[in-house]
Amino acid sequence: MKITLKDGSVKEYDSAVSVYDIAFEISEGLARAACCAKVDGKTADLRTVIDHDCELSICTANDEEGLAAIRHTASHVLAEAVKNLFPHAKLAIGPSIDTGFYYDFEHEAFSREDLDALEAEMKKIIKKGEKLEKFTLPRAEALEFMKERQEPYKVELIQDLPEDAEISFYRQGEFVDLCAGPHLMSTKGVKAFKLTSSSMAYWRGDSDKARLQRIYGTAYNKKEDLAVHLERMEDAKRRDHNRLGREMELFTTVDVIGQGLPLFTPRGTKMLMKLQRWIEDLEDKEWGYVRTRTPLMAKSDLYKMSGHWDHYKEGMFVLGDEEKDKEVYALRPMTCPFQYYIYKNTQKSYRDLPYRMSETSTLFRNEDSGEMHGLTRVRQFTITEGHLVVRPDQMVEEFKGCIALAKHCLTTLGVEEDVTYHLSKWDPENREKYIGEPEVWNETEQHIRDILTQLEIPFVEDVGEAAFYGPKVDINAKNVYGKEDTMITIQWDALLAEQFDMYYIDQNGDKIRPYIIHRTSMGCYERTLAWLIEKYAGKFPTWLCPEQVRVLPISEKYEAYAAKVLKELRGRDIDAEVDNRSEKIGFKIREARLARVPYMLVVGQQEEEEGLVSVRSRFAGDEGQKPLAEFLEQICEEIRTKEIRKEEQQEEAK
């Protein structure tokens with residue numbers, strides 16, 4: 001058999017051979033560094049025996065797959081340590097993830113002291129250097145094996161597998177775990193690791209199932225890489241919107257109100273209002289949208305017509321009982337069917353299209369409580385939602401226009417470099433999840449693929465992520481911890497117009513079904529605010545700041561002049577405050593800097609006599625004295641253009 005290596009060279013063998021033996025034959029150093037492999041593009045264990053022609057790539061810690069194998073092995077070492085120190089703990093699952101690994105256990109909450117003790121135990125296990133040995137059992141034997149070890153979660157996982165499945169396990173010393181791999185050859189390969197936190201998690205992510213305790217950790221091949229990662233995690237904690245947003249008094253949550261229902265303070269509300277005014281003016285005045293306002297709820301009949309009742313009911317807040325009540329209502333999880341009836345309110349001709357509707361829509365989705373997080377996953381949120389009803393011949397250009405609008409928003413917010421584009425496709429193996437015929441899906445997906453290619457936008461394709469009525473472009477971004485969320489969505493819909501009997505009159509007087517684009521321009525306000533808090537660590541561009549200028553009189557003698565300056569600022573729609581506290585000016589400057597105020601105007605005798613202000617900024621520190629009129633013109637221009645000034649002096653807010 002012929003095995004083609006990554007460099008194009010070919011090795012020939014007369015009989016089956018393991019990946020590890022091939023690596024050792026290439027070089028002993030490669031065998032020591034090897035973590036796993038890719039056989040014909042699929043990740044494989046080093047113990048995998050190859051008995052056919054294939055392409056082989058040996059993966060080390062420098063490869064994504066190799067690093068994942070290190071982390072997966074570290075999760076098994078953690079599981080062994082937990083069983084050693086807490087014998088009654090039950091094992092659930094323990095995968096590698098983008099930032100490290102985790103393992104779920106049935107156990108009481110783990111303290112930081114527990115994590116420290118587990119780290120010490122893990123070091124002992126690693127020092128022993130037990131080999132990881134893979135073996136398989138028929139399903140029936142595997143079930144008995146895990147029942148004997150009293151691991152109910154492993155038993156449940158095995159029960160979900162086919163009757164004829166061969167179940168794989170890995171053994172390291174006395175510890176055995178159900179696992180598909182891949183893993184390192186020995187625990188000694190875990191050279192640098194850290195247990196970072198623990199939290200509650202639901203078994204299989206289902207809030208109706210058992211509450212487990214999840215331990216998070218990370219692992220690297222070198223201590224230096226681990227140190228860099230841990231410093232990055234510390235920075236993530238400093239930027240975490242859930243902490244920083246509360247510290248800056250932008251939002252809060254209250255248990256008695258409920259999870260996923262944030263309260264926005266005056267400062268946070270001001271930021272949301274600035275975003276909303278910007279988006280509405282942008283869409284209406286520059287991009288040709290008409291604005292609508294529709295109800296927050298509707299009868300179930302509407303959602304049945306759209307298909308949401310069949311495909312999305314479990315994610316909706318339903319008001320009433322279909323078996324008892326004459327009419328059942330639900331809070332809306334989307335705006336599209338409401339806007340369809342605005343389109344249908346008057347007959348449209350081909351000359352009236354495209355008909356672009358937009359709405360600042362408050363929506364409701366019944367997310368699992370375990371999924372709630374700050375502003376990124378909530379049960380009530382507001383979105384820049386729009387629907388474009390277009391002729392089929394207009395669809396491609398209008399879809400491009402929606403992408404252009406989204407990119408404009410991203411650029412203005414300064415986050416355009418932080419996103420990835422995804423073509424979210426249907427899953428033909430899961431037909432019941434979707435409406436429409438395969439031909440329609442294949443055609444519309446190809447249209448989006450061609451559009452992204454023409455626009456030279458790099459993208460990845462995700463099977464099974466489409467809406468039930470059409471494929472879409474998802475524009476995603478990662479939070480400070482590496483979790484990816486969808487920020488903006490643009491969907492191609494060639495199906496729902498039929499269900500709502502939507503049409504336009506063409507040149508020949510015939511009724512024609514239009515196409516529909518479902519889109520957001522900036523996305524969800526709450527999630528966007530969370531993104532901006534983390535992106536800028538609270539040091540927002542001036543136009544977005546809830547407080548843009550703080551006037552600082554050096555003593556009470558100059559409070560009257562400070563009040564005059566404040567009046568001038570507010571007269572130009574600048575959000576400004578005065579600090580009249582009886583404190584030294586140095587203290588006031590530090591307080592304003594810690595509050596991340598873009599500009600501080602210090603005023604005293606000379607400033608009052610000559611109509612000046614002494615300007616200090618986040619961007620350049622001491623900018624010197626300026627006539628008040630000059631400063632007003634400069635900041636108004638900065639706000640008008642939504643300039644993102646580079647901070648020349650990085651003074652960390654503690």
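Within 6.0 Å of atom NE2 in H52, more than 12 heavy atoms from other residues, nucleotides or ligands are found, so the atom counts as buried in its surroundings. For NZ of K128, the number of neighbouring non-hydrogen atoms (other residues, nucleotides, ligands) closer than 6.0 Å is 12 at most. Within 6.0 Å of NZ in K209 there are more than 12 heavy atoms belonging to other residues, nucleotides or ligands. Applying the 6.0 Å contact sphere to NZ of K11 captures more than 12 heavy atoms from other residues, nucleotides or ligands. More than 12 heavy atoms of other residues, nucleotides or ligands sit less than 6.0 Å from atom NZ of K425. Remark: Q150 CD is loosely packed, at most 12 non-hydrogen atoms of other residues, nucleotides or ligands lying under 6.0 Å away. Heavy atoms from other residues, nucleotides or ligands lying under 6.0 Å from NZ of K188 number 12 at most. Within 6.0 Å of atom CG in D7, more than 12 heavy atoms from other residues, nucleotides or ligands are found, so the atom counts as buried in its surroundings.
Note on D427 versus K433: no salt bridge recorded, every NZ/NE/NH1/NH2 to OD/OE distance being 4.0 Å or above. In summary, K123 and E119 do not engage in a salt bridge, as defined by a charged side-chain N under 4.0 Å from a carboxylate O. Between K83 and D177 there is no salt bridge, since no side-chain nitrogen of the basic residue lies less than 4.0 Å from a carboxylate oxygen of the acidic one. The residues D235 and R232 are annotated as not salt-bridged, no charged nitrogen and carboxylate oxygen being separated by less than 4.0 angstrom. No salt bridge links E148 with K154; every basic N to acidic carboxylate O contact stays at or beyond 4.0 Å.
Here the rule is side chain to side chain contact (heavy atoms under 4.5 Å, CB included) with I167, and of L157, T136, L178 only L178 fits it.
Aromatic ring centres of Y103 and F101: separated by at least 6.0 Å. Annotation: F86 is in aromatic contact with F110 [ring centroid separation under 6.0 Å].
In this structure, D104 CG and K90 NZ are separated by 16.0 Å, a value rounded to the nearest 0.5 Å. Interatomic distance, M1 CE to D51 CG, rounded to the nearest 0.5 Å: 6.5 Å. Rounding to the nearest 0.5 Å gives a distance of 13.0 Å between CD of Q380 and CG of N366. Distance CD/E121 to CG/L78: 11.0 Å, rounded to 0.5 Å. Rounded to the nearest 0.5 angstrom, Y469 OH and S306 OG are separated by 9.0 Å. For the atom pair SG of C36 and CG of D63, the computed distance is 7.5 Å after rounding to the nearest 0.5 Å.
For residues 130-162, the set of pairs meeting the ring-ring contact (aromatic ring centres under 6.0 Å, His included) definition, not counting sequence neighbours, comprises F135-F169, F145-F169, Y153-W203. Within the structure, side-chain hydrogen bond (donor to acceptor under 3.5 Å, both in side chains) contacts touching residues 311-320 (residues at least two apart or in different chains) are K313-E322.
P337 has its side chain out of reach of M305: every pair of non-hydrogen atoms, C-beta onward, lies at least 4.5 Å apart. Residues L331 and L319 are in side-chain contact: their nearest non-hydrogen atoms beyond the backbone lie under 4.5 Å apart. Between T48 and K42 there is no side-chain heavy-atom pair separated by less than 4.5 Å. Contact annotation: the side chain of L302 never approaches that of W309 to less than 4.5 Å [non-hydrogen atoms, C-beta and beyond]. The shortest distance between side-chain heavy atoms of R379 and F317 falls below 4.5 Å. Between R332 and L363, the closest side-chain pair of non-hydrogen atoms falls below 4.5 Å. Here the side chains of I490 and I448 are not in contact, with every heavy-atom distance at 4.5 Å or above. With contacts defined as side-chain heavy-atom distances shorter than 4.5 Å, the pair L118/L85 qualifies.
By the 6.0 Å and 45° rule, R71 stacks over the aromatic ring of Y220.
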**OP:** Determine, step by step, whether R246 and T253 satisfy the side chain to side chain donor-acceptor pair (under 3.5 Å) criterion, reporting the C-alpha distance in whole Å, the side-chain angles of both residues, the deciding distance to 0.1 Å, and the verdict.
**Re:** CA-CA 9 Å; R246 297 169 196 270; T253 53; 3.1 Å; yes
Subject >> side chain to side chain donor-acceptor pair (under 3.5 Å) between Y170 and D45, intermediate numbers included >> reply: CA-CA 11 Å; Y170 281 82; D45 197 277; 2.5 Å; yes
**OP:** Test salt bridge (Lys or Arg N to Asp or Glu O under 4.0 Å) on K237 and D240 and set out the steps.
**Re:** CA-CA 5 Å; K237 290 178 184 177; D240 185 344; over 6 Å; no
Original post:
Between L5 and I26, is a side-chain contact (heavy atoms from CB on, under 4.5 Å) present by the stated rule, with each step listed?
Top reply: CA-CA 10 Å; L5 302 178; I26 295 171; 3.7 Å; yes
Original post:
Can you list the steps and then say if L496 with Q499 is a side-chain contact (heavy atoms from CB on, under 4.5 Å)?
Top reply: CA-CA 5 Å; L496 288 184; Q499 293 181 227; 3.5 Å; yes
Original post:
Taking it one step at a time, do M233 and Y481 satisfy side-chain contact (heavy atoms from CB on, under 4.5 Å)?
Top reply: CA-CA 7 Å; M233 288 298 99; Y481 297 109; 4.3 Å; yes
Subject >> Derivation and outcome, side-chain contact (heavy atoms from CB on, under 4.5 Å), residues M122 and E80 >> reply: CA-CA 8 Å; M122 289 174 69; E80 181 180 355; over 6 Å; no
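Contact detail for S27 and L30: the closest heavy-atom pair is OG-N, 2.9 Å. In terms of heavy atoms, P471 sits closest to A466 at CA-CB, 3.9 Å. Residues I126 and V190 share a closest heavy-atom pair of CG2-O, 3.4 Å. For the pair N242 and G374, the tightest heavy-atom approach, listed with the atom from each and the gap, is OD1-CA, 3.4 Å. Shortest non-hydrogen contact noted between S18 and L46 is CB-O, 4.2 Å. The two residues T60 and C35 have their closest heavy-atom pair at C-SG, 3.9 Å.
Distance alone, capped at 3.5 Å, places no donor-acceptor pair between the E461 side chain and the L423 backbone. Here the side chain of R47 pairs a donor or acceptor atom with the backbone of L132 at under 3.5 angstrom. Looking only at distances, no side-chain donor or acceptor of E65 sits under 3.5 Å from a matching main-chain atom of C59. Of the possible donor and acceptor atoms, one in the side chain of R527 sits under 3.5 Å from a partner among the backbone N and O of T376. The closest donor-acceptor contact from the side chain of W492 to the backbone of W441 lies at 3.5 Å or more, if one exists at all. The main-chain N or O of D462 is never found under 3.5 Å from a side-chain atom of S424 such that the two would form a donor-acceptor pair. Remark: side-chain polar atoms of T73 are not paired, donor with acceptor, to backbone N or O of H183 under 3.5 angstrom. In this structure, R139 contributes its side chain and Q159 its backbone to a donor-acceptor pair below 3.5 Å. Judged by distance alone, the side chain of T218 and the main-chain N or O of T99 form a donor-acceptor pair under 3.5 Å. Here the side chain of Q491 pairs no donor or acceptor atom with the backbone of H518 at under 3.5 angstrom.
Of the N and O atoms on the side chains of Q172 and T187, not one donor lies less than 3.5 Å from an acceptor on the other residue.
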